[in-house]
Amino acid sequence: RIEASAFFGCESLASIIIPEGVVYIGDYAFANCKQLKEITIPSSVEYYGENLFWNTGFTSLPKLPDNLTTIPNGMFYQCTQLASIEIPKNITTIGECAFGRCPISEIEIPASVTHIGVAAFANCPNLTNMTIPDNVTDIGFNAFKGCLNLKTVTLPNNISSLSKGIFSECSSLESTIIPSGVKSIGKGAFEGCSSLRSINIPDGIEEIAPRLFYNCSSLTQLIIPKSIVSIKNEDEEGNHWTFVYGCNSLTSIIVDKDNPVFDSRDNCNAIIETASNTLVAGCSATKIPESITSIGSYTFASLESLTTI
């Protein structure tokens, strides 16, 4: 056994060979070994702790045993020299924060992977493109949060939800196609995606979550499908902002004519709650219809592009 933090902070340790027969490696066992670039791990290891190689010197992914199917939580977190990785084809799960804060510019996720954990690739500033294979059915919240140079993402067709904050603060993301099978999108999924110009909301999604497109300042058009029956502008902390808060380039809002709850009557470029005649979301091109009896909270808040109404 190698117990937790056994070699923590051995800053001159450059390589290590773990002998066959070791079955347990504890949390942070080799963490903060800043010069560690080579390691041999035997197939006898059955338990891998969390944050094993946090802040080590790996420049590429070390050879992992063939019987390892899960990259543990935080395994390579903040490995500041890890620029390119090829995940082995036996891996089915990428754990929480597994590659967070790594300067990865290229990554290949094999078809064997079915689960990507919370913040697995968060704050990887050099990541520019990502293709997620169709076998992935679950992606944790904040999975790609803060990937500042991520421009394009191909999402898997078999995914049914986008978790909260999944692409938040991806300020270079220009577009992505949400698969038709997606039935829910979490709070702030695209918050702070200031380069996002267009996005599709698939028919079948019933609720728009709080802060969904918060500060998506390049978004120009929004089409609300007929399946949307709820728009949440208040989050669990009690913060109240429209889901298009800070979308200063937004000039076109269209609600599907068959939507039973909301409408955009008279080509008004706004979202109106039909039953109450309340305007709940607007943009700089909104024309308020005469039939409107109420304007909701924060409907036009901080809309810097608004000059007349």
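All values derive from a computational prediction rather than experimental measurement.
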Exercise. Could you walk me through whether Ser84 and Ser60 pass side-chain contact (heavy atoms from CB on, under 4.5 Å), step by step?
Key: CA-CA 6 Å; Ser84 178; Ser60 60; 5.9 Å; no
Quiz item: Arg211 and Lys164: side-chain contact (heavy atoms from CB on, under 4.5 Å), yes or no, with the steps?
Solution: CA-CA 10 Å; Arg211 304 171 71 98; Lys164 67 178 181 179; over 6 Å; no
Practice problem: Applying side-chain hydrogen bond (donor to acceptor under 3.5 Å, both in side chains), run through Thr152 and Asn129 and close with a yes or a no. | Solution: CA-CA 5 Å; Thr152 60; Asn129 302 290; 2.5 Å; yes
Quiz item: Going through the checks in order, is the side-chain contact (heavy atoms from CB on, under 4.5 Å) test met by Leu162 and Ile178?
Solution: CA-CA 9 Å; Leu162 294 181; Ile178 301 174; 4.1 Å; yes
Quiz item: What's the verdict on side-chain contact (heavy atoms from CB on, under 4.5 Å) for Phe300 and Ile309, showing C-alpha distance, side-chain angles and the deciding distance?
Solution: CA-CA 10 Å; Phe300 296 102; Ile309 195 74; 4.0 Å; yes
Exercise. Dump the intermediate steps for side-chain hydrogen bond (donor to acceptor under 3.5 Å, both in side chains) on Thr274 and Asp263, then the final yes or no.
Key: CA-CA 6 Å; Thr274 305; Asp263 69 81; 2.7 Å; yes
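Between Ile2 and Val45 there is no side-chain heavy-atom pair separated by less than 4.5 Å. Side-chain contact between Asn126 and Ile104 is absent, with no heavy atoms from C-beta onward closer than 4.5 Å. Residues Tyr48 and Ile71 have side chains not in contact (no heavy-atom distance under 4.5 Å, counting atoms from C-beta outward). Between Lys232 and Glu207 the shortest side-chain heavy-atom distance falls below 4.5 Å. Side-chain contact between Leu250 and Leu222 is present, with heavy atoms from C-beta onward closer than 4.5 Å. Here the side chains of Ile18 and Phe30 are in contact, with some heavy-atom distance below 4.5 Å. Looking at heavy atoms from C-beta onward, Leu36 lies in side-chain contact with Ile16 at the 4.5 angstrom threshold. Between Thr69 and Ile91, the closest side-chain pair of non-hydrogen atoms is not below 4.5 Å.
Atom-to-atom distance recorded for Glu38:CD and Gln35:CD is 12.5 Å, nearest 0.5 angstrom. Distance check: Ile271 CD1 to Thr286 OG1 gives 9.5 Å after rounding to the nearest 0.5 Å. Considering CG of Asn267 and CD1 of Ile254, their distance stands at 8.0 Å, rounded to 0.5 Å. Atom CD of Glu304 sits about 10.5 Å away from atom OG of Ser249, to the nearest 0.5 Å. Taken to the nearest 0.5 Å, the CD atom of Glu169 stands 10.5 Å off from the SG atom of Cys147. Expressed to the nearest 0.5 Å, how far CD1 of Ile116 lies from CD1 of Ile139 amounts to 5.0 Å.
Ile159 and Ile199 end up in the same hydrophobic cluster when Ile, Leu, Val, Met, Phe, Trp and Tyr side chains are linked at under 4.5 Å. Two different hydrophobic clusters hold Ile208 and Ile223 under the rule that ILVMFWY side chains link at heavy-atom gaps under 4.5 Å. Connection of Phe141 to Met130 is not established within any shared hydrophobic cluster, with ILVMFWY side chains joined at heavy-atom distances below 4.5 Å, either directly or through further cluster members. When the side chains of ILVMFWY residues are joined at heavy-atom separations under 4.5 Å, either directly or via intervening members, Tyr77 and Phe7 end up in two distinct hydrophobic clusters. Each of Ile185 and Trp241 belongs to its own hydrophobic cluster when Ile, Leu, Val, Met, Phe, Trp and Tyr are linked at side-chain heavy-atom distances under 4.5 angstrom.
Clustering of Ile, Leu, Val, Met, Phe, Trp and Tyr by side-chain heavy atoms under 4.5 Å joins Val23 with Tyr24, Tyr47.
When every heavy atom of Val229 is checked against every heavy atom of Pro260, the shortest pair comes out as CG1-CG, 4.2 Å. Here the shortest heavy-atom pairing between Ser172 and Asn149 reads OG-CA, 3.7 Å. The two residues Leu61 and Ile87 make their nearest non-hydrogen contact at CD2-CA, 4.2 Å. Contact between Ser44 and Glu20 at its shortest, heavy atoms only, is CB-OE2, 3.2 Å. Of all the heavy atoms in Ser264 and Ile253, the pair that sits closest is CB-O, 4.0 Å. Taking all atoms of both residues into account, the shortest heavy-atom contact from Cys268 to Ile272 is SG-CD1, 3.8 Å.
Remark: the backbone N or O of Ala111 is paired with a side-chain donor or acceptor of Asn135 at under 3.5 angstrom. A donor-acceptor pair under 3.5 Å links the side-chain atoms of Thr242 to the main chain of Tyr245, judged by distance alone. Between the side chain of Asn259 and the main chain of Ile228, a donor-acceptor pair closer than 3.5 Å is present. Asn200 places no side-chain N or O within donor-acceptor distance of the main-chain N or O of Ile177, the cut-off being under 3.5 Å. Although no hydrogens or angles enter the test, the distance criterion places a donor-acceptor pair under 3.5 Å between the side chain of Ser163 and the main chain of Gly140. Under a 3.5 Å cut-off, the side chain of Ser227 and the backbone N or O of Ile205 do form a donor-acceptor pair. Formation of a donor-acceptor pair under 3.5 Å by the Asn157 side chain with backbone atoms of Asp134 is not found in this model. Remark: side-chain polar atoms of Thr40 are not paired, donor with acceptor, to backbone N or O of Ile17 under 3.5 angstrom. A donor-acceptor contact shorter than 3.5 Å is absent between the side chain of Ser112 and the backbone of Thr92. For Ser168 (side chain) and Ala189 (main-chain N/O), no donor-acceptor pair under 3.5 Å exists by modelled atom type.
For the pair Glu174 and Lys151, the salt-bridge criterion is not met [side-chain N within less than 4.0 Å of a carboxylate O]. One finds a salt bridge joining Asp203 and Lys226 here, because a Lys/Arg side-chain nitrogen approaches an Asp/Glu carboxylate oxygen to under 4.0 Å.
Classification of the Phe8-Trp54 ring pair by plane angle, with boundaries at 30° and 60°, yields parallel. Taking the six-membered ring for Trp and thresholds of 30 and 60 degrees, Phe99 and Phe121 have nearly parallel ring planes, at less than 30 degrees apart.
Within a 6.0 Å sphere centred on CD of Glu206, heavy atoms belonging to other residues, nucleotides or ligands number 12 at most. Around atom CD of Glu106, no more than 12 heavy atoms belonging to other residues, nucleotides or ligands sit under 6.0 Å away.
For the 3.5 Å distance criterion, the side chains of Asp66 and Asn90 fail to qualify, holding no donor opposite an acceptor. Ser291 and Asn277 share no side-chain donor-acceptor pair at under 3.5 Å. Side chains of Tyr28 and Asn51: a donor-acceptor N/O pair is present below 3.5 angstrom, by distance only.
Every side-chain hydrogen bond (donor to acceptor under 3.5 Å, both in side chains) that Thr278 has, sequence neighbours left out, goes to Ser276.
When ring centroids are compared, Phe53 and Phe58 come within the 6.0 Å threshold.
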